[in-house]
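As the structure is a computational prediction, the values presented were derived from the model and not from experiment. For the numbers below, each heavy atom of this structure counts, side chains included, while hydrogens, waters and symmetry mates do not.
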Amino acid sequence: WWGKVERADGEVVQLGSMRRLLTIYDTNLRVSYSAGAWERAQRTKHALPYIVYEGIDDARQRPIHHSWMGTTLPVDDPWWDTHWCPCGWNCRCWNRQVTRLEAREIGVTENPPSGPPKRFFNPSTGETVEVPYGIDPGFGYNVGKASLAGQSQGNAAKVMADKLAATPPRVAAQPLPKAILDAQV
């Protein structure tokens, strides 16, 4: 991901810069924090059964994300499957868990915001994908559900086992994290 590469369309582009490194670092921090927030939401949803979409209300916020601010839905609402923050590069939005009383005071959202999916062409791969309305390509999923602590724990363990099978024995013999050992393959 660093250096000059030729894209599928034949154009040579320079990958990598300090700005790119900072964006990747910032996004990784936000994604990691958000995965933990989802895990915490699952553990505490009996006491805090609602999630509110929040964001920094300034000129840098995406208009569509601004329109989602205050969306208040139950923790297990399917909308969070695609709208769990971050919802794009440099997205500074977050999800806040609240009690039933707080949710009533804010106003529980009857119909979550929606819109037509957007088609995105990736010139690097030549692929076209559909992304949810207002979400950047690659961000239309719940990072907490996709983590080892989330619902795909068994799948993550299988991926790890497959990778270990192709790893030199000296490396594969190293101890695995407890989360992987506890997962069913």
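Considering CG of Leu29 and CD1 of Ile24, their distance stands at 12.5 Å, rounded to 0.5 Å. Considering CZ of Arg43 and CH2 of Trp38, their distance stands at 13.0 Å, rounded to 0.5 Å. One finds the OG1 atom of Thr71 at 14.0 Å from the OH atom of Tyr50 (value rounded to the nearest 0.5 Å). In this structure, the separation between CD1 on Ile135 and SG on Cys85 is 8.0 Å, given to the nearest 0.5 Å. Once rounded to the nearest 0.5 Å, the distance linking CD1 of Ile56 with NE2 of His66 reads 13.5 Å.
Taking each heavy atom of Val52 and Thr72 in turn, the nearest pair found is CG2-OG1, 3.6 Å. The two residues Asp26 and Asn90 have their closest heavy-atom pair at OD2-OD1, 4.4 Å. The shortest non-hydrogen separation linking Tyr53 to His83 is CE1-O, 3.8 Å. When all heavy atoms of Gly55 and Gln61 are compared, the pair lying nearest together is CA-NE2, 3.7 Å. When all heavy atoms of Gly134 and Ile64 are compared, the closest pair comes out as CA-CG2, 3.8 Å. Smallest separation of non-hydrogen atoms from Pro137 and Phe120: CG-CG, 3.4 Å.
Between Val143 and Trp84 there is a side-chain heavy-atom pair separated by less than 4.5 Å. Side-chain contact check for Cys91 versus Arg62: some heavy-atom pair is nearer than 4.5 Å. With a 4.5 Å cut-off on side-chain heavy atoms, Val13 and Lys4 do not count as touching. The shortest side-chain heavy-atom distance between Ser34 and Trp94 does not fall under the 4.5 Å cut-off. Using a 4.5 Å heavy-atom threshold, the side chains of Asp76 and Gln42 count as touching. Within the 4.5 Å cutoff, the side chain of Arg92 has no heavy atoms near those of the His65 side chain. Residues Trp80 and Ile51 have side chains in contact (heavy-atom distance under 4.5 Å, counting atoms from C-beta outward). A 4.5 Å side-chain heavy-atom check between Arg104 and Ile106 finds every atom pair outside the cut-off.
Heavy-atom contacts from other residues, nucleotides or ligands closer than 6.0 Å to OH of Tyr25 number 12 or fewer.
In this structure, Gln97 contributes its side chain and Leu48 its backbone to a donor-acceptor pair below 3.5 Å. Looking only at distances, no side-chain donor or acceptor of Thr109 sits under 3.5 Å from a matching main-chain atom of Pro112. Without hydrogens or angle criteria, Thr44 side chain to Ala47 main chain gives no donor-acceptor distance under 3.5 Å.
Under the side-chain hydrogen bond (donor to acceptor under 3.5 Å, both in side chains) criterion, Glu127 pairs with no residue, sequence neighbours left out. For the salt bridge (Lys or Arg N to Asp or Glu O under 4.0 Å) test, residues two or more places apart in sequence or in another chain that qualify with Asp81 are Lys145.
No side-chain donor-acceptor contact under 3.5 Å links Thr23 and Trp89.
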Please walk me through it: do Arg19 and Leu22 pass side chain to side chain contact (heavy atoms under 4.5 Å, CB included)? CA-CA 5 Å; Arg19 181 178 175 181; Leu22 289 172; 5.8 Å; no
Yes or no on salt bridge (Lys or Arg N to Asp or Glu O under 4.0 Å) for Arg7 and Asp9, after CA distance, side-chain angles and deciding distance? CA-CA 5 Å; Arg7 294 192 321 195; Asp9 63 3; 2.9 Å; yes
List the steps and the verdict of side chain to side chain contact (heavy atoms under 4.5 Å, CB included) for Arg96 and Val98. CA-CA 6 Å; Arg96 180 171 60 97; Val98 297; 3.4 Å; yes
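A continuous path of ILVMFWY side-chain contacts below 4.5 Å connects Val75 to Tyr141, so both sit in one hydrophobic cluster.
The side chain to side chain contact (heavy atoms under 4.5 Å, CB included) test with Lys118 is passed by exactly one of Val131, Val129, Asp136: Val131.
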